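Down below is the structure, laid out as structure tokens.
Residue indices begin at 1 and follow the sequence shown. A quick note: this is a predicted structure, and the numbers were derived from the prediction, not measured.
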Amino acid sequence: MKPKTLFIVLGILILLLLVVRGCMSFVKKEVGKAVDGILTAERAKFLEGTDLSTAAYAIILDDQNPPILIDDKAVLEANKDSIEVAISWMSYLPGEGPSPKGIWLFKDNVLVKNKIARKFKTFEMGSLRQHGKPLRFNAIYDYRESYLKQKDSLEKNNRVYITRASEVDADGYEYRFNLHCPAILVSEQDTIFDHHAYGKEFANNIIASLSGLKGFKAGDNAANIMETGPTLIMKTEHATHYLRNSENKGTITLDGYLLYGQQLHFRCTKDFYEQVKAHDFTPAFVRAGLSKKQIKTLIQEKLGPSNQKDKVDAVFEAMFPTDFWLGELFGQKYEMRYYEVVDSLATANLKLHPK
């Protein structure tokens, strides 16, 4: 290597080293700032800025068993400046404690704010624990009708304090299923086929065929987040398939070709699912890649010239059925978590529970 070239290479290496060192120094400095900020976090007064005279306030304290409710205005006022909480940075590490603990503030039985963590740097409650009423923690996880009925009843109960409640789907699309569509075969050398465009066209055809029905929404393809609007979920695999009704029950492999299995995801009402069971999707099918004739020719080559047309047709129908079929229907459930005032410790929580 010439001396001039050597000096240039050395200069570039030194420059890169200086850049790397500079970046590492910057990252170290910023991380240090963030950690210092967490470690030096000031104590936060939980009731700071709260005018306790404007409404019926209550605090739920759940750091021991059983959890307790403090709703005496005089007690809350006396401890207003003594309730201090600050979450420890260790709370964000995995495995820190079996369950979160925390404090919740309610105004007229409606949650205003909370502080929940597995580890607190500061958790000072003044004399609150001396004035608490025992609580029982409960949770609901149910379908819409049952969930709404229980939710409505609990919201009217002034002995209940709700800490979490799912919002129901406004459109009533609590059910979901996948429509399984006929597969297509595409050559690995095909530079024209675009599965994104194909998926959109096929999905639009399916939706157009359902124009007379209501109560559904066809979902986007989560695997292709750049694609807007409904599109098929397309699963690609090499074209290998078990020969159904064949003597040897072996496999047939169409080398150099890809098999696209396709689905369209639906969110819907239960009534829609029942109606669509009788719907004919066949006219919506879009064939792409190889034609039926081309695929049968490939199958004939694999099976050998001695096989008759009916055998080729049978294998084709087994590998590429033209029917659509509906997947299993799944219902959406909604969750609510709440505390309820109880009359004695005997009916309160006696063990740790999730928040």
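- Every residue meeting the side-chain hydrogen bond (donor to acceptor under 3.5 Å, both in side chains) condition with D71, not counting sequence neighbours, appears here in chain and number order: K133.
- Under the 4.5 angstrom side-chain criterion for Ile, Leu, Val, Met, Phe, Trp and Tyr, F330 has no cluster partners at all.
- Of the listed residues (F106, Y339, W104), just one forms a ring-ring contact (aromatic ring centres under 6.0 Å, His included) with Y161, and that residue is F106.
- When the side-chain hydrogen bond (donor to acceptor under 3.5 Å, both in side chains) test is applied to Q275, no partner is found at least two apart in sequence or on another chain.
- Evaluation of the salt bridge (Lys or Arg N to Asp or Glu O under 4.0 Å) test over residues 279-295, restricted to residues two or more places apart or in two chains, returns none.
- Qualifying ring-ring contact (aromatic ring centres under 6.0 Å, His included) partners for F316, counting only residues two or more places apart in sequence or in other chains: F320.
- For residues 102-115, no residue pair satisfies the salt bridge (Lys or Arg N to Asp or Glu O under 4.0 Å) rule, not counting sequence neighbours.
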Worked check of side-chain contact (heavy atoms from CB on, under 4.5 Å) between K296 and V312: CA-CA 7 Å; K296 286 186 176 182; V312 173; 4.1 Å; yes
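- Between the side chains of H131 and D72, not a single donor N or O lies within less than 3.5 Å of an accepting N or O.
- Every residue meeting the side-chain contact (heavy atoms from CB on, under 4.5 Å) condition with K80, not counting sequence neighbours, appears here in chain and number order: L47, L52, E77.
- Between D63 and R129, at least one side-chain nitrogen of the basic residue sits less than 4.0 Å from a carboxylate oxygen of the acidic one, meeting the salt-bridge criterion.
- Using cut-offs of 30° and 60° for the angle between ring planes, the F285 and F324 rings count as perpendicular.
- By the side-chain contact (heavy atoms from CB on, under 4.5 Å) test, Q150 pairs with I140, D142, S146, sequence neighbours left out.
- Using a 4.0 Å cut-off between charged side-chain N and carboxylate O, E335 and R337 make a salt bridge.
- Note on K151 versus E155: salt bridge recorded, some NZ/NE/NH1/NH2 to OD/OE distance being below 4.0 Å.
- Ring geometry for F272 versus F216: interplanar angle under 30°, hence parallel rather than tilted (30 to 60°).
- Under a hydrophobic clustering in which Ile, Leu, Val, Met, Phe, Trp and Tyr are joined whenever their side-chain heavy atoms come within less than 4.5 Å, directly or via other members, I103 and Y338 fall into different clusters.
- Not counting sequence neighbours, the partners of D169 by the side-chain contact (heavy atoms from CB on, under 4.5 Å) test are R144, D171, Y173, E174, R267, Y334.
- By the side-chain hydrogen bond (donor to acceptor under 3.5 Å, both in side chains) test, Q64 pairs with no residue at all, sequence neighbours left out.
- The aromatic rings of W325 and H180 sit parallel to each other, their planes meeting at less than 30°, with 60° as the upper class boundary.
- S127 and N79 share a donor-acceptor pair across their side chains, judged by distance under 3.5 Å alone.
- By the ring-ring contact (aromatic ring centres under 6.0 Å, His included) test, F46 is found to be paired with no residue, residues two or more places apart in sequence or in another chain being considered.
- Aromatic ring centres of Y147 and Y141: separated by at least 6.0 Å.
- Remark: E340 does not engage R159 in a salt bridge, criterion side-chain N to carboxylate O under 4.0 Å.
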For the pair L76 and T50, evaluate side-chain contact (heavy atoms from CB on, under 4.5 Å) and give the outcome as yes or no after the intermediate values. CA-CA 11 Å; L76 293 176; T50 303; over 6 Å; no
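- Taking the six-membered ring for Trp and the full ring otherwise, the centers of Y273 and F177 sit less than 6.0 Å from each other.
- Every residue meeting the side-chain contact (heavy atoms from CB on, under 4.5 Å) condition with A288, not counting sequence neighbours, appears here in chain and number order: I184, F193, Y198.
- Under a hydrophobic-cluster definition in which Ile, Leu, Val, Met, Phe, Trp and Tyr are linked whenever side-chain heavy atoms come within less than 4.5 Å, directly or via other members, L61 and V160 are assigned to different clusters.
- Taking the ring axis of Y57 as reference, the NZ or CZ atom of K73 does not stay both within 45° of it and closer than 6.0 Å to the ring centre.
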